[in-house]
Every structure is written in structure tokens, then in C-alpha cells.
Amino acid sequence: MFSISRSTALRQARTSLRQSQATTVPHVSSLARLLSSLAVLEQRDGKLNTSSLSAVTAAQRLGGSVTGFLAGSSVKAVAEEAAKVKGLEKIIYVENGAYDKGLPENFAPLLVENIKKGGFTHILAGNSAFGKNVMPRAAAILDTQQISDITGIESEDTFTRPIYAGNAILTVQSTDDIKIITLRQTSFAPAETEGGSAEISEGVDPKAESPTEWLSEDLAKSDRPELATATRVVSGGRGLKSKEEFDRLMPPLADALGAAIGASRAAVDSGFADNSLQVGQTGKNVAPQLYLCAGISGAIQHLAGMKDSKVIAAINKDADAPIFQVADVGLVGDLFDKVPELTEKLKA
Ligand SMILES: Cc1cc2nc3c(=O)[nH]c(=O)nc-3n(C[C@H](O)[C@H](O)[C@H](O)COP(=O)(O)OP(=O)(O)OC[C@H]3O[C@@H](n4cnc5c(N)ncnc54)[C@H](O)[C@@H]3O)c2cc1C
């Protein structure tokens, strides 16, 4: 059933709470029993994308029941894996190879049918390429406004999100009955993959025709940790001068630290590094324990993707480079001397 009634009840409860407690903002938990969240989980080739479990953590912070959603071929096994995720009460899965690549043209109608059937009040997905692709389309079908890239939850209808490349934080309140949300994965640690025992059930499959077709993909393969979730990241910029120098200096440093490799847009545009390694406003958001960068000036659009890192260390020959304004540890020097020196010291 399309549970507008639950959303209406939620809004009425919120209003009456506000009226009865003129000076107190209702606490999230006081409304929790009326909330019912759907966390959209990503899978690739029958493997659960654990960074998408940040959606479960965000849903738990809202309170209320949390259901996980999965679709693709042979997804039943992934559903069984997801059932062990802590905090999930239920898993809904739809087994159909048409959803393997997350094409928004058929995935969004699929999601919407399952939202309607389950009467969910909050739908959450990571602000990943998948989430950014599918969720606005689902929101449009439901005629609601998406709330993008949230970094905090104030209450069931109020969220914080960065704007202007992370230079201002906006607090937004949504009056929509169904809240379609994408979240910044670095702001919500993925839920634990053990300890849960969710009930598994099959969802509805509207089998919408997709006017687009998936042809092929070319994935950058690496044995290194995944950039978005790595605890350490070493990043190189235009200061590295060439792809040869980037490949000569950055991988040994990354290996010495067990780190993922990132890059600035200037480095990517100059062909030093693959596009998938770009950190920043138009690349990936990272918030590792350590972000160590060399030859990066610290342009606002780069900082947008890394300034929430726990410790930022920078090597740059220009003492006035803006990166030093956010760096906890800075070394003014020539990276062609300093990076090999540091790599040797770390290996020793
Ligand atoms: C809409 C928009 C979106 C953008 N999105 C992104 C994004 O997602 N990510 C991103 O990174 N950028 C992004 N940019 C680009 C951004 O504005 C900068 O141009 C870019 O970040 C600069 O990269 P860089 O720091 O490597 O290069 P530069 O700014 O050229 O800096 C190179 C640095 O290397 C230092 N250096 C040079 N030689 C040495 C040496 N031998 N030893 C030590 N230091 C040395 C220099 O002192 C300098 O500080 C975006 C721009 C726009 C307009």
C-alpha cells in the first residue's frame, strides 16, 4: 500500500509535539516508531559494496525500522550477506540482471514501486555515482525534492549539507512526505557487517523498459585500498610534472604506507593519473586518517574533497600555497627530493 497515511501521521505527530513543547524541538527518537527507512545498497558482480552500508548507519540515526534494498542478477546470495548487517530489520531483493549496472531508467521505477509497496518514509543511498544517478530520477517520479549529499541528521525532516564546494553548511528542512536522500559516505561510517539477522523477502519488479543500454566498462584495476574508503591516501598534483614522475614517486610512497592513491584535477587532466583517482568537488570525497599530498596547491575545489581528513600532511615548494592553511603537518621543499626520502624512511 502507498503509505501516505504513515507520512501524514508522522507530520501530525511532529506538529502536535511542536505545539505541546513550544520551546523544545522534538527528539528524533520520539518520532522514531513512525519512521520506516529504506537503505539502497549497491552490489557489483554479486558482491556487496560495503561502503554503501553508510546508508544503513544514516537510516539508524533517523530511528525507526531500517530495510535494505538490493537488485541485480544472483542477488539472493548478496541479500543473505546483507542480512547479517547490523541494524537492518529486513532485506528486500529483486533478482533480475536488468538491474546489474544500475541504469537509472529502469532502476528508478523499480525503486519507486518498492517504496510504494513498503510505505517507506525515508529512502537513503550513498552520494556515489550510482546514488547520484538513480535517486533524483526516483524523486522526480515521486514528485518530491531530493536532499543531496547530507553530512548530518538533525531530525527526521532536517538535514545538513555542504554547499559552495564545502565552504558553507546548509541546514535544510523537508516537508515532503517521502524523503529521498543521498548522503556523503565519509560522514557516516558503514554499518557493521556482522551481528544482524534481517528477514529476507522478494520485492516487486515492474520490469520497466530501459531506453538506454549498457555496452561495456573499463575499470581501473588496483590491488591498493579503495580511494573513497582507505584509511590513508597519498595524493599527487601538477607539481609532479609528468605521468612518468607520478608513477615513479607516488606508488612506492603509497605502498610504504598501505595507502590508496589520489590526484588533483590538474594531475588527471594532464594525464598523470586516471580520472577515477581525482579527489575534490568533481571527483571523490575522502576523509582518511591520513591525507598526504605532494605538489598540490590546495585549490578550493580540491579542498572540498579532502578537508575532513583527520590528519593532512603536505609537501610543496611554495610556502604560501593554500594547502598549508589546512595542513596539520607541512613540509616546504622540492617533492622530487622529499617524496623519495620519506618513502625510504617509511620503509626502514
Ligand atoms: C568547477 C570546477 C571543479 C573542479 N574540481 C576539482 C576537483 O574535483 N579536484 C581538484 O583537484 N581540482 C578541481 N578543480 C581544479 C582546481 O581549481 C585546481 O585547478 C586544481 O586543483 C589544481 O591542481 P594542482 O594543485 O595539482 O595544481 P596547481 O594549482 O598548479 O599546483 C601545483 C602545486 O605544486 C607545487 N609544486 C610545483 N613543483 C613542485 C616541486 N618540485 N616540489 C613541490 N611542490 C611543487 C606548486 O608550488 C603548486 O602549489 C576544479 C575547478 C573547477 C572550476
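First listed ligand is number 1; within each ligand, the first listed atom is number 1. Just so you know, residue 1 is the first one in the sequence shown, and it goes up from there.
In this structure the side chain of Ile300 reaches within 4.5 angstrom of the side chain of Asn167, judged on heavy atoms. With a 4.5 Å cut-off on side-chain heavy atoms, Phe159 and Leu62 count as touching.
More than 12 heavy atoms of other residues, nucleotides or ligands lie within 6.0 Å of NZ in Lys310, so this atom counts as buried by the packing criterion. Atom NZ of Lys101 sits in a crowded spot, with more than 12 heavy atoms from other residues, nucleotides or ligands closer than 6.0 Å.
In this structure, Phe107 has its ring center closer than 6.0 angstrom to the ring center of Phe130.
A donor-acceptor pair shorter than 3.5 Å can be found between the side chains of Ser128 and Glu42.
Listed as neighbours of ligand 1 are Gly237, Arg238, Gly239, Lys241, Ser264, Arg265, Ala266, Gln278, Val279, Gly280, Gln281, Thr282, Gly283, Gly295, Ile296, Ser297, Ala299, Gln301, His302, Asn316, Lys317, Asp318, Gly333, Asp334, Leu335, Phe336, each bearing a heavy atom under 4.0 Å from the ligand.
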